[in-house]
Asks: 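For reference, the structure I am asking about is given below.
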Amino acid sequence: MTVAAENPAASASSLYYYDDLRIVHLELTHRCNAACPMCARNVHGGAVNPDMPLSELSLADIKAILLPDFVARLKRIYACGNYGDPIVAHDCMEVFRYLREHGPNLNLDLHTNGSARRPEWWRELAEIMKAGPHYLRFGIDGLEDTNHLYRRGADWKTVMRSAESFIEAGGRAEWDFLVFRHNEHQVEQARKLADDMGFKEFFVRKTGRFTSAGELETSDRFDVLDKEGSFEYWL
Ligand SMILES: C[S@@+](CC[C@H](N)C(=O)[O-])C[C@H]1O[C@@H](n2cnc3c(N)ncnc32)[C@H](O)[C@@H]1O
Ligand code: SF4
């Protein structure tokens, strides 16, 4: 992206033409407040992945990489990522404000575990996002007694308060429910809760990450470890 931005007339040998780009997947940060056992940012829900650099994009970085006329041409930017949660990025709100300012019709989307920030923060984010097409996808894998078994470190009350604040302020919230043996009996109850709270969509997801032996074989259980690498429980 940076190389192409410095040379908008990308050569035929480039992987893409800068002027043709319409969708950007934005990884704002490699930091996260949670430790989901099958997420690459940590070792089975315990220690932070030692091979992962803990980096983050600031508002200044975003302004330098995603220039205003480039943002104006885009159809969609979604902040999801592979190693972090966008809501813990220091400049998350200001980055979204900048993107909405230059992309009033941009589809502005964000994926999160929802377990951080104050209600006022969520209301402000909703005000920015709802000025155009958007969704905010909460990864909530169960109910009060089970969500933390996969979303390790997530606090149920904080997640619910975040979603309520975002929805009350007019934001479009969606719920992603990853199904495990420990929460499969709660899918319908969660679907009803999502509906009652005003979520616009409820997606039931199956994971393909029950793998072992260098990911060559599937397995019916997955070890969850603590920060010292000791076994805690199986998924
Ligand atoms: C690495 S997360 C980053 C975004 C944010 N932290 C979150 O969890 O929504 C990217 C996506 O991976 C999903 N994910 C996490 N664990 C998964 C699993 N075991 N199988 C499939 N998707 C998973 C998350 O729900 C999220 O949609
Ligand atoms: S919340 Fe997202 S980034 Fe954080 S550990 Fe879970 S899947 Fe990974």
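Everything numeric in this text was worked out from a predicted model, so none of it was measured. One-based numbering along the sequence shown. Counting convention: from 1, in listed order, for ligands and their atoms alike.
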Asks: Are Arg205 and Phe203 in a cation-pi contact, defined as NZ or CZ under 6.0 Å from the six-membered ring centre and within 45° of the axis?
Replies: yes
Asks: Side chains of Asp85 and Asn113: do they bring a donor and an acceptor to under 3.5 Å?
Replies: yes
Asks: Checking a contact table here: which protein heavy atom is nearest atom 8 (Fe) of ligand 2, and how many Å away?
Replies: Cys39 SG, 2.3 Å
Asks: Only heavy atoms count here, so choose which of Arg31, Arg151, Met38, Glu27 is nearest to atom 2 (Fe) of ligand 2.
Replies: Arg151
Asks: So, regarding Asp85 and ligand 1 (criterion: nitrogen or oxygen to nitrogen or oxygen, under 3.5 Å), is there a contact or not?
Replies: yes
Asks: Is there a donor-acceptor pair under 3.5 Å between the side chain of Asp91 and the backbone N or O of Glu94?
Replies: no
Asks: Against Asp109, only a single residue in Arg172, Arg137, Arg76 fulfils side-chain hydrogen bond (donor to acceptor under 3.5 Å, both in side chains); can you say which?
Replies: Arg76
Asks: Go through Glu56 and Asp61 one step at a time and tell me if the side chain to side chain contact (heavy atoms under 4.5 Å, CB included) criterion holds.
Replies: CA-CA 9 Å; Glu56 183 161 309; Asp61 295 326; over 6 Å; no
Asks: What protein heavy atom is closest to atom 2 (S) of ligand 1, reported as residue, atom name and distance in Å?
Replies: Gly81 O, 3.8 Å
Asks: With nothing but distance in play, are any N or O atoms of Arg137 less than 3.5 Å from an N or O of ligand 1?
Replies: no
Asks: Can you list the atoms of ligand 2 that are under 4.0 Å from a heavy atom of Ala34?
Replies: 5 (S)
Asks: Using only atom types and a distance under 3.5 Å, with no angle test, would you say the side chain of His134 pairs donor to acceptor with the backbone of Met129?
Replies: yes
Asks: Can you find an N or O of Thr207 that's nearer than 3.5 Å to an N or O of ligand 1?
Replies: yes
Asks: Which residue and atom name correspond to the protein heavy atom nearest atom 1 (S) of ligand 2, and how close is it?
Replies: Asn113 ND2, 3.2 Å
Asks: Looking only at heavy atoms, is any part of Arg151 under 4.0 Å from ligand 1, and if so is it the side chain, the backbone, or both, or is it neither?
Replies: side chain
Asks: Please verify whether a non-hydrogen atom of Tyr150 lies at under 4.0 Å from ligand 1.
Replies: yes
Asks: Applying ring-ring contact (aromatic ring centres under 6.0 Å, His included) to Phe202 and Trp175, what does each step give before you reach the verdict?
Replies: CA-CA 5 Å; Phe202 181 82; Trp175 183 322; 5.6 Å; yes
Asks: Short list, please: which atoms of ligand 1 are under 4.0 Å from a heavy atom of Met38?
Replies: 19 (N)
Asks: Are Pro37 and ligand 1 in contact, using a heavy-atom cut-off of under 4.0 Å?
Replies: no
Asks: Can you find a heavy atom in the side chain of Asn183 that is under 4.5 Å from one in the side chain of Phe177?
Replies: yes
Asks: As a check for students: among Cys80, Ala40, Gly139, identify the option with a heavy atom nearest to atom 26 (C) of ligand 1.
Replies: Cys80
Asks: Looking only at protein heavy atoms, which one is nearest to atom 27 (O) of ligand 1, and how far off is it?
Replies: His111 ND1, 3.7 Å
Asks: Among all the protein's non-hydrogen atoms, which is closest to atom 3 (C) of ligand 1, and how far away is it?
Replies: Gly84 O, 3.3 Å
Asks: Do His111 and Tyr135 have side-chain atoms, one donor and one acceptor, less than 3.5 Å apart?
Replies: yes
Asks: Counting non-hydrogen protein atoms only, what is the nearest one to atom 9 (O) of ligand 1? Give residue, atom name and distance.
Replies: Thr112 N, 3.4 Å
Asks: Nearest protein heavy atom to atom 4 (Fe) of ligand 2, by residue and atom, and its distance?
Replies: Cys32 SG, 2.3 Å
Asks: Considering only heavy atoms, does Arg209 approach ligand 1 within less than 4.0 Å through its side chain, its backbone, both, or neither?
Replies: side chain
Asks: Which residue owns the protein heavy atom closest to atom 5 (S) of ligand 2, what's the atom, and how far is it?
Replies: Cys36 N, 3.3 Å
Asks: Donor-acceptor pair, Ser162 side chain versus Ser115 backbone, under 3.5 Å?
Replies: no
Asks: Side chains of Tyr83 and Glu27: does their closest heavy-atom pair fall under 4.5 Å?
Replies: yes
Asks: Which of the atoms in ligand 1, numbered in the order shown and given with their element, are less than 4.0 Å from a heavy-atom of Asn82?
Replies: 1 (C)
Asks: Go through ligand 2 atom by atom and flag the ones less than 4.0 Å from a non-hydrogen atom of Gly84.
Replies: 3 (S)
Asks: Tell me whether the guanidinium CZ or amine NZ of Arg100 lies under 6.0 angstrom from the six-membered ring centre of Tyr98 and within 45° of its axis.
Replies: no
Asks: I'd like to check which ligand 1 atoms, numbered from 1 as shown, lie under 4.0 Å from a non-hydrogen atom of Leu178.
Replies: 16 (N), 17 (C), 18 (C), 20 (N), 21 (C), 23 (C)
Asks: So does Leu193 get a backbone contact from the side chain of Asp196, meaning a donor-acceptor N/O pair under 3.5 Å?
Replies: no
Asks: As a quick check of understanding, evaluate ring-ring contact (aromatic ring centres under 6.0 Å, His included) for Phe138 and Trp122, giving each step before the final call.
Replies: CA-CA 12 Å; Phe138 287 87; Trp122 288 98; 5.5 Å; yes
Asks: Does Cys36 come within less than 4.0 Å of ligand 1, judged by its heavy atoms?
Replies: no
